[in-house]
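Read through the structure below, which is laid out as structure tokens, and then see the notes.
All values derive from a computational prediction rather than experimental measurement. Within every chain, numbering begins at 1; the chains are lettered A, B, ... in the order of the sequence lines, protein sequences first and strands thereafter.
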There are 2 protein chains.
Amino acid sequence: MTTDATRAAATIEEVAAAAGVSRSTVSRVVNGSTAVSPSALEAVRRAIEELNYVPNRAARSLASRQTYAIALVVPEDTTRFFGDPFFASIVSGINARLNRSDYVLNLFIASDDRGDKTTSYLRSGAVDGAIIVSHHTSDTFIDRIAAAVPVVYGGRPVRERERDYYVDVDNVRGGRDATTYLIARGHRRIGTIAGPLTMPAGVDRLEGYRVALAAAGLAEDVVEEGGFTADGGADAMRRILARGPHPDALFIASDLMARGALSVIAAAGLRVPEDIAIVGFDDSPVATSVTPQLTTMRQPSFDQGEHMASLLLDLLAGKHPRHVTILETELIERASA
Amino acid sequence: MTTDATRAAATIEEVAAAAGVSRSTVSRVVNGSTAVSPSALEAVRRAIEELNYVPNRAARSLASRQTYAIALVVPEDTTRFFGDPFFASIVSGINARLNRSDYVLNLFIASDDRGDKTTSYLRSGAVDGAIIVSHHTSDTFIDRIAAAVPVVYGGRPVRERERDYYVDVDNVRGGRDATTYLIARGHRRIGTIAGPLTMPAGVDRLEGYRVALAAAGLAEDVVEEGGFTADGGADAMRRILARGPHPDALFIASDLMARGALSVIAAAGLRVPEDIAIVGFDDSPVATSVTPQLTTMRQPSFDQGEHMASLLLDLLAGKHPRHVTILETELIERASA
DNA sequence: GTGAAAGCGCTAACAC
DNA sequence: GTGTTAGCGCTTTCAC
């Protein structure tokens, strides 16, 4: 704490006095109203500069019922949030859009506090709206947030309702295309390491895998859940190898899980793609940092973040945007399959 | 946006009416005052429950001049913030402490918006205090934040002043111990990949390296800057290999940079530790996820986060904590040196 | 173009 | 133990 910190901040009243105008005029200047004479404008600007004036946010939002802040709520623990490049892209995308607006982003890693403090914070009018990504079937506090402020979901909501707004990628199709690629390469015993089945993304990619196999008349091979983490992917891979003859190809529903699986495969003395071919999902930086580099389904996470922010901003501006936006995935061929 | 969202939130006035008491009594209940009769308490609780009442944050903080929010400001770009496990630990530590308090954490990745919007947000009374980590010599907006709210720094501030509060690890000693270890293992041509010299942590670890060499009467070998990122570490390593006979040991000032360097060394057909021994810094999850696993200086980042939060909370509570806390590092022996 | 006045929802004396 | 009152610092009609 600096000694400066104790010096009380200037108020609009003081600025008005210094500029020789009324509160209203200062407010007009601060809020960019055109109905101010050049001389008053100049006087106010100088006073603001001199007094180092910044409008008090609490007072402003109490009066205007706007905060110009939006929340990003991530119901994950800190480790997973930071460990997965997916979130980095999402945040970058959101910020990219917000930088072209007056809104600031507040980040909440919700499961760190069991959701309670975060929930009441959001319900107390601290933000104008919220973006919620990565939510699980068990995250019931989400509904309480959605009852209080406009919400945009990243990914299909767990219990989708008609009035929900969300931006998703076509996960079923992505899972299907990845698996179909493996089939086209001649593989017949194709397993999968799925994401958590408590999350729509996990469920949908698994469904895509099944759709592709069914379409080709192939039987489903091993299915293991990997929790969207590198460690989870490694564990899943160990279980797969432990159960006997391994599949000759694997669709792994995230690059991070693929990285975990890759290390287990290497440790077992098997080669990729010769012994086991692998297609990942994300095309995050992880995909090119492993050996062999991953053939993977690219999902446009940065775009998804930007879209979500745009959608929420439109909502807050009173517009009526489309409820659902689905972005496409794309297969990126590298060395793992 | 759900239809529910348009239903106006209940006010303290409505709760008071429903409970048949005055505003003050409701306020007392909400703020946990003991001076309330059991019957009134019960009535108010029921009314709050029924009306789904959450106090309006703006109104509350306007009246009380407290927000019960603190900011974590990280002047890094999103990629680096998410890519380095160091930040994950810091955030976990801060949250661990905050969960035992009434405060919520607001995260600001400051360089995404050139610092302006963030700065005025923080200066507008939106938070009661701020924790600032990873700041660079070029981050001048920091001073404007520190002039408005109590600030605790993670790491020695760039321009340290007596009144500053901060929690740091003993980086000079850490760099010295790491290098001394290499010397003790018989290495004589010891280089370093340093962190950014615009950051105290980068400067201090480099100084530690120099102190150790001087104490042993050894000449300084190659010094390259790696920017605390994996890519930066890889680039630095390439420059080192390109300049001729390579050193036989390297102190690398972060595990992430070590990971980058390791991949370049492997690609060059050299072995670790036989051809080049390496000591990293952090003991982050990266240290055990690479091959060979890193011998590294452990720094207690989670503790650092917790300490910073405690310090700030004490400050906000009007206590007078010590200005500076220095945490110790510890050498963790693994396979890379 | 400008100012006066009311009020946003709450806390915090202060009286009873 | 409880209610009344006066703000907190701003925006926003509404006159002029």
Side-chain angles (χ1 to χ4, degrees), chain A residues 7-45 47-48 51-69 102 120-121 123-128 148, chain B residues 7-45 47-48 51-69 102 120-121 123-128 148:
Chain A
R7 188 171 58 204
T11 70
I12 198 173
E13 200 71 54
E14 292 165 12
V15 173
V21 299
S22 72
R23 287 221 293 273
S24 316
T25 299
V26 176
S27 179
R28 287 187 188 100
V29 171
V30 169
N31 294 297
S33 162
T34 49
V36 177
S37 72
S39 65
L41 182 68
E42 178 53 24
V44 171
R45 284 218 174 117
I48 287 177
L51 297 174
N52 219 331
Y53 172 70
V54 181
N56 180 297
R57 206 150 180 116
R60 196 204 275 247
S61 76
L62 181 57
S64 70
R65 304 165 158 292
Q66 290 224 298
T67 64
Y68 287 104
D102 291 328
S120 57
Y121 187 84
R123 285 168 46 85
S124 71
V127 298
D128 294 340
Chain B
R7 187 172 59 204
T11 70
I12 197 173
E13 200 72 53
E14 292 164 13
V15 173
V21 299
S22 73
R23 288 222 292 273
S24 316
T25 298
V26 176
S27 179
R28 288 186 188 103
V29 171
V30 169
N31 294 298
S33 162
T34 49
V36 176
S37 71
S39 65
L41 183 67
E42 178 52 25
V44 171
R45 284 218 175 116
I48 287 177
L51 297 174
N52 218 332
Y53 171 71
V54 180
N56 180 296
R57 205 151 182 115
R60 195 205 276 251
S61 78
L62 181 57
S64 69
R65 304 165 156 291
Q66 291 224 295
T67 64
Y68 286 103
D102 291 328
S120 58
Y121 186 85
R123 285 168 46 85
S124 71
V127 298
D128 294 340

Over all strands shown, is A40(A) touching base, sugar-phosphate only, or nothing at heavy-atom distances under 4.0 angstrom? sugar-phosphate
What's the closest nucleotide to the A63(A) side chain, out of dG7(C), dT11(C), dT2(D)? dG7(C)
Looking only at side-chain N and O atoms, does N31(B) offer a donor or acceptor that is under 3.5 Å from a partner on R60(B)? yes
Looking at dT12(D), dT11(D), dT2(D), which one has an atom nearest to any side-chain atom of S24(A)? dT12(D)
Within the distance-only criterion (no hydrogens, no angle test), does the side chain of R57(B) pair as donor or acceptor with the backbone N or O of T67(B) below 3.5 angstrom? yes
Between S39(B) and S64(B), which is nearer to the 5' end of DNA chain D once each is assigned its nearest nucleotide? S39(B)
With a 4.0 Å cut-off on heavy atoms, is V21(B) in touch with a base, just the backbone sugar-phosphate, or nothing at all? sugar-phosphate
Please determine if a side-chain N or O atom of S37(A) lies less than 4.0 Å away from the OP1 or OP2 oxygen of dT2(C). yes
Would you tell me if any nitrogen or oxygen in the side chain of R60(A) comes within less than 4.0 Å of OP1 or OP2 on dT11(D)? yes
Do any side-chain nitrogens or oxygens of Y53(A) fall under 4.0 Å of OP1 or OP2 in dC10(D)? yes
Starting at atom CD of E42(B), determine the distance to atom P of dT2(D), rounded to an integer number of angstrom. 13 Å
note: Q66(A), atom CD; dG9(D), atom P; distance rounded to Å ~ 22 Å
Check every strand shown and say whether R65(B) touches a base, only sugar-phosphate, or nothing at a heavy-atom separation below 4.0 Å. sugar-phosphate
Would you sort out whether V26(A) and V21(A) count as a side chain to side chain contact (heavy atoms under 4.5 Å, CB included), showing the intermediate values? CA-CA 7 Å; V26(A) 176; V21(A) 299; 3.9 Å; yes
Whole-Å distance separating the CZ atom of R28(B) from the C1' atom of dT11(C): 10 Å
Whole-Å distance between dA13(C) C1' and N31(B) CG? 15 Å
Within this structure, what is the OH-to-P distance between Y68(A) and dC10(D), rounded to whole angstrom? 16 Å
Presence of S22(A) side-chain N/O under 4.0 Å of dG3(C) phosphate oxygens OP1/OP2: yes
Measure the shortest side-chain to side-chain distance between V44(A) and R28(A) over non-hydrogen atoms and say whether it is less than 4.5 angstrom. no
Proximal nucleotide (of dA13(C), dG9(C), dT2(C)) relative to the A35(A) side chain: dT2(C)
Please examine the side chains of Q66(A) and D102(A), heavy atoms only from C-beta on, and report whether any two atoms are closer than 4.5 Å. no
Candidate nucleotides dT11(C), dG3(D), dC10(D), ranked by approach to the side chain of T11(A) - the nearest: dC10(D)
Looking for any heavy atom pair under 4.0 Å, which part of the strands does S27(A) touch: base, sugar-phosphate only, or nothing? base
By nearest atom, which of the nucleotides dG9(C), dC10(D), dG3(D) is closest to the A59(A) side chain? dC10(D)
Assign each of V30(A) and P38(B) the nucleotide of DNA chain D bearing its closest heavy atom; nearer the 5' end lies the nucleotide of P38(B)
Side-chain N,O (N56(A)) to OP1/OP2 (dC8(D)) below 4.0 Å: no
Check whether any side-chain heavy atom of T11(A) sits under 4.5 Å from a side-chain heavy atom of N56(A), and report yes or no. no
Atom-pair distance (CG on L62(B); P on dC8(C)), nearest Å: 13 Å
Nucleotide nearest R23(B) when distance is taken to its side chain, options dG7(D), dC10(D), dG1(C): dG7(D)
